[in-house]
Amino acid sequence: MNIVVCVKQTPDTAATVTVENGKVSWGDAPLVINPWDEFAVEQALRSREAHGGKVIALTVGPEVAREALKHALAMGCDEAILVSDPGLLAGDSLVISKVLAAAIEKIGAVDLAFFGRQAVDSDTGVTPAQVARRLGWPALTLVAAVTALDPAGKTISVDRALDEGRQQVKSPLPAVVSVIKEICEPRYPSFMGIRKASKATIPVWSAAEIGLTSIPAAALSWPELFAPPKVETKVEMITGDSVDAVAAKLAARLLEAKVL
Amino acid sequence: MATNVFVYMDHFNGQAVPAAWEIVGAARKAADALGTGVTAVVIGQGIAGLADEAIQHGADDARVADDARFKDFRVEAYASALSKILKDTAAEVLFLPTTGRTRELAAMVAVDLETGVVPDLVGFEIKDGKVVGTRPIYAGKVMEKVVIASAKPQIFVVRSRVFPKREAQAGKKGTVTKVEAAAGDARTEVVGYKATEVGVSLTDAAVIVSGGRGVSVNPKLTPPAEITDEHQKEVWRAQQGFALIRELATVLNAAVGASRAAVDAGYVPYANQVGQTGKVVSPDVYIACGVSGAIQHLAGMRTSKTIVAINKDPEAPIFRVARFGIVGDMFDVVPALTRALKAKMGK
Amino acid sequence: MVQQMVRDFAQREVAPFIKEWDRQQAMDPVILRRMGELGLLGICIPARLGGQGMDYISLGLACEELEAVDTSLRVVMSVHLGLNSLGLLQWGTDEQQRSYLVPQARGERLAGFCLTEPGAGSDVAALVSSARRDGGDYVLNGEKMWISLASRADHFLWFARTNPDAADPHDGLSAFLLEADRPGVTRGDIHGKLGIRAGSTGWVHCQDVRLPASLRLGEEGEGFKIAMACLDGGRYTVAAGATGLIRACLEASLRYAGQRQAFGREVGQFQLVQHKIAGMVQSYETARLLYLRAGWMKNEGRRNTRETSLAKWFATEASFGAASEALQIHGAYGYSDEYDVERYLRNARGATLYEGTSEIHELMQAGYALGQRRDASLRCELPAYVPERDPASGSSGGRTASL
């Protein structure tokens with residue numbers, strides 16, 4: 001099987017994130033592989049272990065995003081590819097999905113593309129579905145389990161976690177699969193993996209090399225970034241004539257303040 | 001002449017999703033500011049009634065694609081249908097509610113029409129005839145304003161419980177236009193379905209209802225005669241208290257937490273412990289019942305966005321970090337709150 | 001990446017349970033198994049000998065991360081890897097390495113170190129355990145105490161007197177590879193320690209234990225030199241671990257000082273609290289550089305007895321100080337096991353006693369400085385680090401070639 005896993009490099013979730021000079025700042029907190037993507041890498045590796053083939057980690061980002069790819073390599077991915085181009089830095093998901101789809105087509109003969117559910121910086125969670133749409137592949141999102149995988153028969157069966165319950169879906173391959181945490185426990189990078197990752201040569205593809213003669217324009221623009229308004233720390237004591245009156249008042253306040 | 005603001009009516013089991021009427025309200029607000037109307041879009045099989053409901057709730061008209069091919073939600077097919085409707089009408093703005101279906105639906109429509117999609121919308125303003133949305137990033141640590149300046153339609157997936165629900169006006173009428181379904185291309189097959197009763201985990205929960213030592217203090221409660229040991233009586237009372245907490249948690253789809261004092265006293269297992277030694281949590285809402293708010297417990301939950309405190313002691317430290325507080329007996333307040341919320345949330 | 005990986009393991013799989021284990025004075029066997037599975041127990045043993053092929057600095061980083069969660073984890077590394085495995089790496093024959101080093105590097109067997117006796121701690125040369133030559137065997141008698149993993153290890157490096165008549169008692173000692181299941185070997189746990197309560201400490205006793213001469217490590221009479229060389233490995237892990245403990249004290253203090261309010265402000269705003277925190281920062285960074293230097297020297301194949309001793313002495317003394325200050329910052333909460341700092345203090349107090357008391361190290365340092373002490377070359381040296389030549393996987397660079 002030829003499996004691609006798309007990863008993103010994001011700041012550590014424990015970082016204190018603030019807005020400085022109109023830009024997001026995470027101080028000297030480290031940049032890590034997007035935590036959701038670790039689950040995607042793990043599932044990709046398990047699929048390879050069960051059915052053979054190879055796993056290629058793919059990211060779109062600046063040079064420093066190599067480190068996220070190295071983590072994926074250290075976990076056991078066979079190869080890694082960085083797509084990097086200065087014109088892509090301001091890209092939105094419309095742009096990034098186009099780039100990822102083009103890269104996946106360039107890799108060629110890919111059976112499965114795994115994604116983590118969302119990136120912990122932008123938190124949009126739309127890229128997997130968009131990549132699938134561009135490739136013309138089915139999108140299997142919110143996947144909590146891969147219950148069957150038949151590379152020869154070119155089918156995959158998954159459990160999806162919807163609000164209302166678990167949905168079992170069967171799909172032809174190739175397909176895009178976006179996973180949630182329930183799917184597996186990501187392995188630690190092995191020491192041999194760490195060694196190999198630090199020595200690995202990671203090819204860099206520019207937009208031109210993946211067949212984009214010009215960088216598509218982003219549809220979104222971001223006029224402003226700001227810190228969320230600080231919530232009042234002075235307690236509002238709810239009082240009333242009877243317990244039911246007090247409770248009703250609190251319930252109303254909670255819903256009014258959009259707390260619940 | 002600007003086109004209407006479109007609103008996608010997401011549904012499940014023949015019913016509009018609860019958030020649908022909030023989104024119609026949001027669309028109405030945008031339409032009024034832009035000087036246009038609201039068009040509801042309904043895609044499914046045998047769901048034309050939703051169009052009438054949407055109009056009663058504030059839409060001016062509706063477009064319906066009613067076809068056997070849309071019996072089950074399949075994102076590829078629904079996206080093709082929705083994209084065609086938006087393209088044919090040259091729609092400029094589309095609002096959708098947030099459900100497990102709509103994020104990917106909106107994502108695919110955005111690709112079809114080469115436009116932008118903005119999920120998790122928590123607010124918006126109109127500027128120069130465009131919707132400027134506000135949404136959280138970095139798990140809500142930062143807010144961003146985002147606008148789709150030239151592409152269309154401007155697609156927004158709106159967060160639940162941000163905009164008020166619009167009440168229905170019985171008898172309000174509007175034009176319902178049937179549209180032809182686009183060629184279906186659903187290649188996946190739904191082979192099964194299972195409603196789940198997944199307990200909410202403490203660390204992932206958006207809402208936590210927590211009990212402290214005060215949970216056992218209720219002299220009005222008489223334990224059954226067979227319990228003679230004082231400590232066991234205390235544990236029994238505490239279990240009644242936690243039963244009330246669990247009921248409130250169920251209404252709110254919340255996880256149940258406890259302070260160290262409650263765990264040490266044997267009221268609940270260690271897995272529920274919140275605090276320095278237990279789990280560190282950061283939910284949107286933390287409702288502390290009979291929790292004093294000593295520093296080691298606070299260390300575990302102080303980054304909760306909103307803390308609600310219920311305690312008999314008006315001087316309890318928890319009130320210093322709470323946003324809302326009630327001085328009272330949790331055995332009275334918690335069930336009353338459960339009743340009130342059930343009523344208000346329509347459960 | 002190595003540091004992050006060990007940190008993730010320790011934080012996810014040990015931290016949530018450690019308080020409970022410490023309270024019960026028991027080490028959950030699952031931890032030893034996990035450390036074995038993850039390759040930690042052989043992290044710096046070459047791959048051809050069953051290890052992970054990382055360098056000595058990786059060993060230090062791993063120990064720093066493990067002790068930042070609890071000292072008991074690092075103690076396992078110290079005896080199994082620092083003292084025993086590195087001792088085998090330095091002094092073992094090919095056969096001994098094949099039979100013992102390989103399985104323990106893989107984490108399949110656990111190894112311990114039996115030097116200290118009830119009557120001999122700092123005064124190693126005064127140990128009384130005996131090993132009498134009898135034909136092709138040795139017969140061992142004696143008792144060892146304060147032995148980590150006493151009841152868990154599969155085999156020990158056992159030091160005993162083979163030549164009671166040696167002119168210099170230092171030259172009368174030899175080292176042996178003693179399997180715990182040999183007839184005549186008994187062992188038991190010691191409870192009631194002030195700290196490292198989640199660890200396994202005990203005694204081992206030999207009553208007429210017979211083992212073949214092939215299980216003697218090194219030559220007869222080399223026992224003292226071997227013990228001291230092993231301590232270069234053990235002390236290094238102690239130094240790195242104590243550095244992690246300082247960091248844990250610092251991080252706990254920063255958290256608490258940022259939350260606790262007194263006199264209308266966070267206590268972190270008071271200068272006397274800041275003084276303590278600054279001291280911890282200084283200790284941490286200094287300790288870190290000292291152990292990293294020792295690790296680098298090991299990588300280079302340079303004799304590092306002096307540098308390792310200095311790192312161990314400094315870091316362990318500093319860790320007790322840091323723990324004490326951290327407890328003070330936490331006030332009454334520091335005195336309760338609600339928080340971790342009291343465990344850090346109890347754990348830290350032991351480190352100035354084992355692997356050379358602080359006093360021993362102080363004398364060593366003065367000896368080196370005054371020229372009274374010099375390191376003679378050894379018959380066997382700890383190998384320098386040789387980067388592994390890993391089998392090629394896929395084609396890391398192949399993508400560009402195929403375009």
Side-chain angles (χ1 to χ4, degrees), chain A residues 11 13 17-19 24 92-94 97 120-126 129-130 133-134 138-142 157 162-172 218-228 231-233 235-238 243-244 246-248 250-255 258-260, chain B residues 12 75-76 79 99-100 103-104 107-108 110-112 114-120 132 136-149 151 161-162 187-196 207 252 285 305-306 308 319 322-328 332-333 336-337 339-341 344:
Chain A
T13 47
V17 184
T18 54
V19 180
V24 176
D92 60 358
S93 67
L94 193 67
S97 61
V120 297
D121 46 6
S122 52
D123 280 331
T124 59
V126 294
Q130 294 196 320
R133 192 64 162 176
R134 290 191 185 277
L140 302 169
T141 60
L142 301 173
S157 295
L162 304 184
D163 303 325
E164 301 90 1
R166 294 275 278 242
Q167 185 190 59
Q168 284 102 41
V169 181
K170 190 168 175 189
S171 165
L220 303 183
S221 55
W222 298 269
E224 195 188 333
L225 291 169
F226 57 97
V231 176
E232 276 300 302
T233 44
V235 65
E236 183 184 324
M237 299 303 287
I238 312 281
V243 167
D244 281 312
V246 174
L250 175 62
R253 280 298 287 130
L254 289 173
L255 291 165
K258 293 177 194 150
V259 167
L260 285 177
Chain B
F12 182 73
V75 67
E76 289 88 4
T99 67
R103 196 179 296 257
E104 55 189 34
M108 291 195 174
V111 166
D112 289 350
E114 288 290 330
T115 182
V117 54
V118 179
D120 301 303
V132 179
I137 52 176
Y138 292 91
K141 295 178 197 168
V142 178
M143 303 298 287
E144 66 176 10
K145 287 213 171 138
V146 51
V147 65
I148 300 158
R161 295 191 311 269
V162 168
R187 296 145 64 206
T188 57
E189 191 191 326
V190 176
V191 297
Y193 176 76
K194 214 174 15 190
T196 42
V207 184
L252 299 174
V285 188
K305 293 196 184 61
T306 303
V308 179
F319 289 120
R323 184 159 163 216
F324 298 105
I326 293 182
V327 177
D332 296 326
V333 177
L337 186 59
R339 285 193 296 274
L341 284 167
K344 284 218 175 335

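All values below were derived from every heavy atom in this structure, side-chain atoms included, with hydrogens, water molecules and symmetry-related copies excluded. Predicted model only: the values in this text are computed from it and were never measured.
- The shortest distance between side-chain heavy atoms of B:Ile137 and A:Asp121 does not fall below 4.5 Å.
- Residue with the most contacts toward chain B among A:Arg134, A:Glu236, A:Gln167: A:Glu236 (heavy-atom pairs, distance under 4.5 Å).
- Taking chain A as the reference chain and counting heavy-atom pairs below 4.5 Å, the highest number among B:Val146, B:Val75, B:Asp120 is found for B:Val146.
- For B:Val117 against A:Ser93, the heavy-atom pair with the smallest separation is CG1-OG, 4.3 Å.
- Between chain B and the options A:Asp92, A:Leu220, A:Val120, A:Leu255, heavy-atom pairs under 4.5 Å are most frequent for A:Leu220.
- Remark: side-chain polar atoms of B:Glu189 are not paired, donor with acceptor, to backbone N or O of A:Lys170 under 3.5 angstrom.
- Interface residue B:Val327: backbone and side-chain heavy atoms are both found under 4.5 Å from chain A.
- In this structure, the separation between CZ on A:Arg166 and OH on B:Tyr193 is 11.5 Å, given to the nearest 0.5 Å.
- Among the candidates B:Ala151, B:Ala149, B:Ala79, the residue making the largest number of heavy-atom pairs closer than 4.5 Å to chain A is B:Ala79.
- Of the listed residues B:Gly100, B:Gly192, B:Ala336, the one with more heavy-atom pairs under 4.5 angstrom with chain A than any other is B:Gly192.
- Contact annotation for A:Ile238: both backbone and side-chain heavy atoms come within less than 4.5 Å of a heavy atom of chain B.
- For the residue pair A:Val235 and B:Phe319, the shortest heavy atom distance occurs at CB-O, 3.4 Å.
- Looking only at heavy-atom pairs under 4.5 Å with chain A, the residue among B:Leu337, B:Val147, B:Val162 that has the most is B:Val147.
- Comparing A:Val243, A:Val17, A:Thr13 by how many heavy-atom pairs each has under 4.5 Å with chain B, the most go to A:Val17.
- Of all non-hydrogen atoms in A:Ser97 and B:Val111, the two that sit nearest each other are OG-CG2, 4.5 Å.
- Both the backbone and the side chain of B:Ala340 come within less than 4.5 Å of a heavy atom of chain A.
- Looking at A:Ser157, there are no atoms closer than 4.5 Å to chain B (heavy atoms on both sides), in backbone or side chain.
- Distance check, rounded to the nearest 0.5 Å: CZ of B:Arg103 to OG1 of A:Thr141 gives 10.0 Å.
- Contact detail for B:Thr115 and A:Ala219: the closest heavy-atom pair is C-CB, 3.7 Å.
- Of all non-hydrogen atoms in B:Val132 and A:Pro223, the two that sit nearest each other are CG1-CG, 4.4 Å.
- A distance of 9.0 Å separates CD in A:Gln130 from CE in B:Met108, rounded to the nearest 0.5 Å.
- In terms of heavy-atom pairs under 4.5 angstrom with chain B, the leader among A:Ala139, A:Ser122, A:Pro228 is A:Pro228.
- Ranked by non-hydrogen atom pairs under 4.5 Å with chain B, the options A:Leu225, A:Asp244, A:Thr124, A:Val246 are led by A:Thr124.
- Contact of the A:Arg133 side chain with the B:Asp112 side chain is registered, since non-hydrogen atoms from C-beta on lie closer than 4.5 Å.
- Interface residue B:Asp332: backbone and side-chain heavy atoms are both found under 4.5 Å from chain A.
- Atom CG of B:Leu341 is separated from atom CG of A:Leu254 by 6.5 Å, given to the nearest 0.5 angstrom.
- Considering only heavy atoms from C-beta on, A:Val126 comes within 4.5 Å of B:Pro119 through its side chain.
- Interface check for chain A: of the options B:Ala107, B:Gly116, B:Gly328, the most heavy-atom pairs under 4.5 Å are formed by B:Ala107.
- At a 4.5 Å heavy-atom cutoff, the contact between B:Phe12 and chain A is made by side-chain atoms alone.
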message = Between B:Lys194 and A:Gln168, is the side chain to side chain contact (heavy atoms under 4.5 Å, CB included) condition met? List the steps.
response = CA-CA 8 Å; B:Lys194 214 174 15 190; A:Gln168 284 102 41; 4.0 Å; yes
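- Separation of atoms CZ (A:Phe226) and NZ (B:Lys145) is listed at 5.5 Å; rounding is to 0.5 Å.
- If you tally non-hydrogen atom pairs under 4.5 Å between each of A:Pro138, A:Ala218, A:Ser171 and chain B, the highest count goes to A:Pro138.
- Note that the CD1 atom of B:Ile326 and the CG atom of A:Leu250 stand 4.5 Å from one another [nearest 0.5 Å].
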